[in-house]
Amino acid sequence: MLAMYDEKEILLEYIESERYEAAQEGEKKADKRTALQMVKAGRLSLDEVMQFFPSLTPDDVKELQEELLQSV
């Protein structure tokens, strides 16, 4: 009985962890989309992106820069 309870707890913790990661990924995508729109509108420079969107990494900023160059 104890082993079954432990397996259930482990599964519930795993599900919670996956939900958290999915939420974080969704937030990061939204931040990236918003940052791109703000840079295109001239309201934010690429240098300021990480300051105002801390969820984005330097690699994300490089991807934004590449997207901007492709759209020109």
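Under the side-chain hydrogen bond (donor to acceptor under 3.5 Å, both in side chains) criterion, E63 pairs with K32, not counting sequence neighbours. Partners of T34 under the side-chain hydrogen bond (donor to acceptor under 3.5 Å, both in side chains) rule, at least two apart in sequence or in another chain, do not exist in this structure.
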(message) Evaluate F53 against D60 for side-chain contact (heavy atoms from CB on, under 4.5 Å), listing each step before the verdict.
(response) CA-CA 11 Å; F53 297 95; D60 294 326; over 6 Å; no
(request) Please step through side-chain contact (heavy atoms from CB on, under 4.5 Å) for the pair Q37 and K40, ending with a clear verdict. (result) CA-CA 5 Å; Q37 291 172 344; K40 283 183 177 179; 5.8 Å; no
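Between V39 and L64, every side-chain heavy-atom pair lies at or beyond the 4.5 Å cut-off.
Counting only distance, with no hydrogens or angles, the side chain of D31 and the backbone of K28 share no donor-acceptor pair below 3.5 Å. With E48 contributing its side chain and S45 its backbone, the two residues share a donor-acceptor pair below 3.5 Å.
The distance from atom OG of S55 to atom NZ of K29, rounded to the nearest 0.5 Å, is 13.0 Å. Atoms CD1 and CD1, from I15 and I10 in turn, are 12.0 Å apart once rounded to the nearest 0.5 Å. For the atom pair K8 NZ and L11 CG, the distance stands at 9.5 Å (nearest 0.5 Å).
No more than 12 heavy atoms of other residues, nucleotides or ligands sit less than 6.0 Å from atom CD of E16.
The shortest non-hydrogen separation linking L56 to A35 is CD1-CB, 4.1 Å.
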